Structure formats: C-alpha cells, structure tokens
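Since the structure comes first, as structure tokens, the remarks are kept for the end.
Owing to the predicted nature of the structure, the values given are computational and were not obtained by experimental measurement. Atoms within each ligand, like the ligands themselves, are counted from 1 in listed order.
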Amino acid sequence: MANVTVIGGQWGDEGKGKIVDWLASRAEVVARFQGGHNAGHTLVVGNETYKLSLLPSGIVRGTLSVIGNGVVLDPWAFRAEVERLRAQGVAVTPENLQVAETCPLILPFHRDLDALREDASGSGKIGTTRRGIGPAYEDKVGRRAIRVCDLAHLGELGAQLDRLCAHHDALRAGFGEPRIDRARLERDLGEIAGFVLPFARPVWITLNEARARGDRILFEGAQGVLLDVDHGTYPFVTSSNTIAGTAAGGTGLGPNAAGFVLGIVKAYTTRVGAGPFPTELDDAIGERLGERGREFGTVTGRKRRCGWFDAVLVRQSCAVAGVTGIALTKLDVLDGLEEIRICTAYRLGGETLGHLPAHAADQAAVEPIYEVMDGWPESTHGARSWAQLPAQAIKYIRRIEELIRCPVALVSTSPEREDTILVRDPFAD
Ligand code: IMP
C-alpha cells in the first residue's frame, strides 16, 4: 500500500490542509480527483500562508501535482490561483502541474445558474459555494460539457456550443435572465485556452507510469463523506463522490490504487451550508467551539455551525468510504470543557438507530443519544506524544475509536505541522 488517499470524514473543513501538506512532503505525486475550487486548503510553510482551492497541495513544495478528470475546472479560477502562487514565489510550470485533458470546464453561466438557483430557493437553499460546481457536473453527466481538450479545438465547437447554450438559455429564460452572449463566450475561451493548454495532459498515463515506478501517490480529497452525492445528507451535498473510491475513477487508475485511506475527522463536528446536523449546538458551547476552533469557511468566509462529535455519522463515513485509519484533528479546541458529549445513536419515532436514515426529513428529525464523558482542564495544544496528553483526553480518543470501529492513525493538536502524534504512518503500510 504505497499510496495514501486523504478524505474528509464529516462535512468538510476537518483540517485536511495540514495533514495533506505533511504527507505531500513525502509523496512523489499529489493528485486531486473530485470537486473543484469549492475546496479550501490553507497551508502554512515557514512564514508564508498559501490558500489553495483548486490546485493540489503538493504544488507549494514543488511536488508533481495532478488535477484528475474527476475535477471540474474553472479555467479563470485556475489562472488566478496559478498567478497568485507565482506572486508568492512558487514555481508553477507544466513540469510540476498537469491537468487532465478530460476535465469538464466550469463556465461563467454555471456560476450564474448556481447563484440564481440558490437565490430562488428560499428555505430550500443548499448553501452552495456559488462556484458553479453543481451545474458543471450536471453538464458533464448530461454529455454537454466543454472539456479541457476542447480548448485545442475551439474552431470545431459549433454544434457542441449550440447544444450547451440552448440548454442554458432555456434555464436562464426561466429566471428572466438574458441569453448567453455566445460571441463573448467564444472570445473568452479563445483567450484562456493559451493559458490552460500547456498544462493539459493525459494524466492517467502520468499516474500509471508513476505507479509502475513505485512512486508514492497522495490522493487529495476535497469536502467530506457527508457531502458525497450518494452517501451524504442528500440533497444538502456537493455534486461529486467524495469517498476514497473516486480517487481511482477520478484520475484514471484502478480501484486498488487508493492505498491507505486516511479519513480526517475533527474531534467535534462542524458544517457550512444548510442541511441536517443532529448534534448541532445553538448555545454557548457551540459558540465557544466556533471561536476556539476559528470556524469560518476558507472559501466563502461563512461561519460554520458547530456541535458535538457524532460517532454515528463518522462510523457510517468510515464504512462507506473504506477508511483504514483516521486523523483526529483540533482536539485542543475541547480543552477546558467540564464535560464532553459524544453521540452514540439516534432516536427517531420511538426507535433507536445506529445509522443515519436516508430520507432528509428523517435526518432532520433524529434526536442524538449522548454519552457524557468528563472533560480535561489541561491543555492538549501542541502535544506531540501520548505522554503529553491528559489521561481523560486519551480516554476520549479511545472511546471514539471504539464507537466508529476504526483506529486513530494520527492526532493533530495545533495547526503547526510538528504538533502531531503519529500512531501509524499511512505511507509505511
Ligand atoms: P457546492 O459544492 O458549492 O455545490 O456546495 C454544496 C455543499 O457543499 C454546500 O453545503 C457547501 O457549503 C458544501 N461545501 C462545498 N465545498 C466545501 C468544502 O470544501 N468544505 C466544506 N463544505 C463544502
């Protein structure tokens, strides 16, 4: 198992950035396989802070970085991110960054549609990042998408653009919006093509060759299992599969490429956007978690909803995503709480459930059943070994492992890379 796949085990924002950065420094290739620039990873290297949305985290350290076919690519956001990194002194070249030729493009009218739908949804809002992710994936499976390889064939796009524009013009008309300015779209595509095309490659070849050489590949997931379009809290989800299995299909490798599946899991729970959240806290403890955990979205700046650790959800995430071990993050945010609750089951209409029911109304109605544990007054901030953790914090971690039926591979105790307790090295397996 030379490869590692990192995925979020909750609703995203579990603190993947730090763990991915640490693992990326030991990988030969880092690959994104789903999502787009709705993701947000903050990397702190030395005195410099890098904010990544679309580019794989390896790019900051010069590791070969690959954007797989499962990603939806906004070419203008791509250019902006590359230029921002270059301005920070990072070398981004076609030598260290490759984009799958088959990536579908996010176009300006996808972004429009995302926002129009959200604004028209009232209380049914999903709370998307408004980046056009969902509409772009719709066009991919609707077989209407313009893909990266099309940028080299802009003169032959006529019929394809006719179909795509006809589809969107009908949707836009429903919202009272003007038709797509086709001339402008063609001009804009022509202008951006020159920037994107040098990075375009058959990345499945690059990755299969890397694998044959025995290179270590780190697959960098975005969002989290509970936002998976199949396994998440549908319809309050993103539009891709966020589970580890997508690492293969989203890059062009076989299903055994994923290797060690590391699920990143926060020691409590947060969510941005709308949708069910059984252990949400609307009280002073929720506020405290948000403040101490600095729970604001990297991409949209929105305040994250906070709640107790939900072992039912994480157990389900680990099962459906095939998690080998978890990285437990932000343990220090719980320091100083008198008591800590863990949700171990749900109550729904007189029944006790050990899993999240499928229907959105049931998901919204479940009541958490809590187990109460003593907190710890000591600080765990910056702990680098079990010996530096209070006994009660260790008890909390052990109880989580038991409830989610998955071992802890890492514990992260601060944003600093070194402040990590390594239990099992994912790359060593
Ligand atoms: P979309 O991916 O922009 O369509 O948004 C769909 C849902 O996924 C919304 O609830 C977003 O807040 C959520 N979401 C998308 N990307 C992320 C992420 O990187 N972290 C956390 N939530 C996300």
Side-chain angles (χ1 to χ4, degrees), residues 6-20 32-43 51-57 70-74 77 81 104 106-107 109-121 123-141 220-243 246 250 263-266 268-277 280 290 293-307 313 317 329-330 360 363-364:
V6 170
I7 55 162
Q10 292 151 319
W11 278 294
D13 309 316
E14 299 90 353
K16 289 188 279 295
K18 166 185 155 175
I19 312 278
V20 161
R32 282 277 309 264
F33 53 89
Q34 47 73 229
H37 65 310
N38 49 351
H41 291 170
T42 305
L43 303 185
K51 289 199 183 295
L52 300 175
S53 277
L54 178 61
L55 267 47
S57 297
V71 171
V72 279
L73 186 113
D74 179 326
E81 196 165 318
I106 302 180
L107 298 171
F109 50 81
H110 291 127
R111 209 173 41 229
D112 293 349
L113 185 59
D114 200 350
L116 287 166
R117 282 180 177 156
E118 282 288 283
D119 290 340
S121 297
S123 61
K125 264 189 198 20
I126 290 169
T128 72
T129 59
R130 296 175 177 245
R131 303 262 154 130
I133 305 291
Y137 274 119
E138 286 170 37
D139 281 345
K140 171 184 173 172
V141 296
E220 180 179 357
Q223 292 86 48
V225 175
L226 298 169
L227 289 169
D228 183 284
V229 68
D230 285 287
H231 299 287
T233 46
Y234 193 91
F236 302 98
V237 292
T238 192
S239 297
S240 63
N241 284 112
T242 57
I243 52 170
T246 317
I264 315 295
V265 171
K266 216 180 270 191
Y268 50 101
T269 313
T270 62
R271 168 164 213 174
V272 270
F277 183 168
E280 183 167 15
R294 294 198 195 93
E295 298 295 353
F296 292 91
T298 319
V299 173
T300 57
R302 288 178 291 176
K303 199 171 171 186
R304 297 178 186 140
R305 301 154 65 192
C306 297
L313 289 183
S317 287
T329 63
K330 295 188 135 181
Q363 291 179 356

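One finds a salt bridge joining D119 and R130 here, because a Lys/Arg side-chain nitrogen approaches an Asp/Glu carboxylate oxygen to under 4.0 Å. Using a 4.0 Å cut-off between a side-chain N of Lys or Arg and a carboxylate O of Asp or Glu, E118 and R131 do not qualify as a salt bridge. With respect to the salt-bridge test (charged N to carboxylate O, under 4.0 angstrom), the residues E295 and K330 qualify. Using a 4.0 Å cut-off between a side-chain N of Lys or Arg and a carboxylate O of Asp or Glu, K266 and E14 do not qualify as a salt bridge.
Contact analysis leaves R131 out of contact with ligand 1, as no non-hydrogen atom separation drops below 4.0 angstrom. Using 4.0 Å as the threshold, A222 has no heavy atom nearer than that to any atom of ligand 1. At least one heavy atom of V237 sits less than 4.0 Å from an atom of ligand 1. The shortest heavy-atom distance from A39 to ligand 1 is under 4.0 Å.
For the residue pair R271 and T233, a side-chain donor N or O sits within less than 3.5 Å of a side-chain acceptor on the partner. A side-chain donor from one of E220 and S57 sits under 3.5 Å from a side-chain acceptor of the other. For the residue pair Q223/N38, the side-chain donor-acceptor check at 3.5 Å is satisfied. At a cut-off of 3.5 Å, with distance as the only test, no side-chain donor of D13 or T270 sits close to an acceptor on the other residue.
Within the set T270, T242, L227, I126, the minimum heavy-atom distance to atom 14 (N) of ligand 1 is found for L227. The nearest non-hydrogen atom to atom 11 (C) of ligand 1, considering only G127, G273, G36, comes from G127.
Contact annotation: for N38 versus ligand 1, heavy atoms closer than 4.0 Å belong to both the backbone and the side chain. Heavy atoms of F236 found under 4.0 angstrom from ligand 1: none, in either backbone or side chain.
Contacts of K303 classified as salt bridge (charged side-chain N to carboxylate O under 4.0 Å, His left out), with partners at least two apart in sequence or in another chain: E287. Evaluation of the side chain to side chain contact (heavy atoms under 4.5 Å, CB included) rule for A274 yields F236 as partners, not counting sequence neighbours.
Atom numbering of ligand 1 starts at 1 in the shown order; those under 4.0 Å from a heavy atom of W11 are 21 (C), 22 (N). Numbered from 1 in the order shown, with element, the atoms of ligand 1 that lie under 4.0 Å from a heavy atom of V272 read 10 (O), 12 (O), 21 (C), 22 (N). The D13 neighbourhood of ligand 1 comprises atoms 20 (N), 21 (C), with distances under 4.0 Å to a heavy atom of that residue.
Atom 2 (O) of ligand 1 has its closest protein heavy atom at T238 OG1, 2.6 Å. Remark: minimum distance from atom 17 (C) of ligand 1 to any protein heavy atom is reached at Q223 CG, 3.4 Å. Distance from atom 3 (O) of ligand 1 to its nearest protein heavy atom, with residue and atom name: T129 OG1, 2.5 Å.
At a 3.5 angstrom cut-off on N or O pairs, T128 does not count as close to ligand 1. Ligand 1 has a nitrogen or oxygen under 3.5 angstrom from a nitrogen or oxygen of R302.
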